[in-house]
Amino acid sequence: MKKIALSLTILLGALSASNATAFEGDVNAGKEKSVTCAACHGPDGNAPINIYPKLAGQHADYIYKQLQDLKLGMTSGGQKGRMDPVMSAMAMPLSEQDMKDLSAYFASLNMSEEATPKDVVETGKILYKAGDADRGIPGCAACHGPRGNGSSLAKFPKVSFQHPGYVKAQLEKFRDGTRQNDLNGVMQDIAKKLTDKDIEVLSQYLGGLH
């Protein structure tokens with residue numbers, strides 16, 4: 001727990017002390033370039049299938065970083081960045097400006113709301129906001145905020161309203177080490193301590209987090 005808390009403190013302190021990187025993306029150009037993305041992520045950035053992430057309303061800086069990491073995952077043979085058989089291949093032909101334009105476009109859209117099942121509200125709220133000190137698990141709200149809106153500067157994603165199936169898959173990937181592009185390995189450290197039940201509860205809870 002101390003290791004995670006220290007990592008978070010150092011990370012957030014460094015980010016707060018630095019200036020935000022200028023982000024220049026053309027929304028209209030991004031809209032034109034997003035036609036291919038619609039097949040999985042929907043024409044309005046709200047993926048119609050549970051296993052794909054909603055991109056609408058996500059922080060542009062976060063989307064941009066993921067596209068960079070996905071491309072790096074392919075060019076490095078999975079040794080660096082983030083490797084995904086489908087998305088890494090899709091990111092390969094994208095230029096830096098393409099990534100910025102797409103990120104700006106999706107960030108300009110509104111993410112559709114989900115609902116939290118009543119049977120996970122109480123447990124999910126505790127785990128999300130307070131974590132579990134006995135197991136060394138910090139509350140998710142420490143980085144993603146009390147309403148799950150994340151942070152553009154820190155490149156922490158908006159997690160509220162996200163598809164449960166996608167959240168569950170990503171937490172499992174962080175836990176087993178198949179996804180490693182989190183800052184300072186914070187998500188990996190936390191996910192390793194989550195049980196299957198924890199992951200199920202959190203993924204369901206975030207859908208209706210306001």
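Hydrogens, waters and symmetry mates play no part in the numbers below; they use all other heavy atoms, side chains included.
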Any carboxylate oxygen within less than 4.0 angstrom of a Lys/Arg side-chain nitrogen, looking at Lys100 and Glu96?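 A salt bridge is absent here (no side-chain N lies under 4.0 Å from a carboxylate O).
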Asn46 side chain vs Ala56 backbone, donor-acceptor pair below 3.5 Å: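 Not at all, since once roles are kept as given, no pair shorter than 3.5 Å links the two residues.
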Do Tyr62 and Ile190 share a hydrophobic cluster, counting only Ile, Leu, Val, Met, Phe, Trp and Tyr and linking them when any side-chain heavy atoms are less than 4.5 Å apart?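 Hydrophobic grouping puts Tyr62 apart from Ile190.
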Going hydrophobic residue to hydrophobic residue with side-chain gaps under 4.5 angstrom, can you get from Tyr64 over to Tyr105?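 Yes, Tyr64 connects to Tyr105 through the hydrophobic network.
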Begin with the C-alpha distance, continue with both residues' side-chain angles, and end with the deciding distance and a verdict on side chain to side chain contact (heavy atoms under 4.5 Å, CB included) for Cys140 and Val159. CA-CA 10 Å; Cys140 310; Val159 293; over 6 Å; no
Could you note down all residue pairs passing side-chain hydrogen bond (donor to acceptor under 3.5 Å, both in side chains) where residues 136-146 supplies at least one of them, sequence neighbours left out?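 Of all non-adjacent pairs touching residues 136-146, none passes side-chain hydrogen bond (donor to acceptor under 3.5 Å, both in side chains).
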So how far is it from Gln66 CD to His59 NE2, rounded to the nearest 0.5 Å?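 Going from the CD atom of Gln66 to the NE2 atom of His59 covers 12.0 Å.
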Show me the donor-acceptor pairs, under 3.5 Å and distance only, between side chains in residues 115-128 and residues at least two apart or in other chains.
unit_1: Thr116; atom_1: OG1; unit_2: Tyr205; atom_2: O; d: 2.7
unit_1: Thr116; atom_1: OG1; unit_2: Gly208; atom_2: N; d: 2.9
unit_1: Tyr128; atom_1: OH; unit_2: Gly145; atom_2: O; d: 2.5
unit_1: Tyr128; atom_1: OH; unit_2: Gly148; atom_2: N; d: 3.3

Is there a donor in the side chain of Gln97 and an acceptor in the side chain of Asp26, or the other way round, less than 3.5 Å apart?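 There is no such pair (donor and acceptor under 3.5 Å, judged by atom type) between the side chains of Gln97 and Asp26.
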Just so I know, are the side chains of Ser160 and Leu206 near enough to count as touching, which here means a heavy-atom distance under 4.5 Å?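 Counting from C-beta outward, Ser160 and Leu206 never come under 4.5 Å.
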Pairwise side-chain contact, Met92 with Thr75, heavy-atom cut-off 4.5 Å (strictly under):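 They are in side-chain contact.
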Reference residue Lys168; test side-chain contact (heavy atoms from CB on, under 4.5 Å); the match among Gln204, Lys173, Glu200: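 Single pass found, and it is Glu200.
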Apply salt bridge (Lys or Arg N to Asp or Glu O under 4.0 Å) to Lys65 and list each qualifying residue two or more places apart in sequence or on a separate chain.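 Checked Lys65 against salt bridge (Lys or Arg N to Asp or Glu O under 4.0 Å); matches are Asp69.
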Pair Leu72-Arg82, side chain to side chain contact (heavy atoms under 4.5 Å, CB included): steps then yes or no: CA-CA 7 Å; Leu72 180 59; Arg82 176 182 177 184; over 6 Å; no
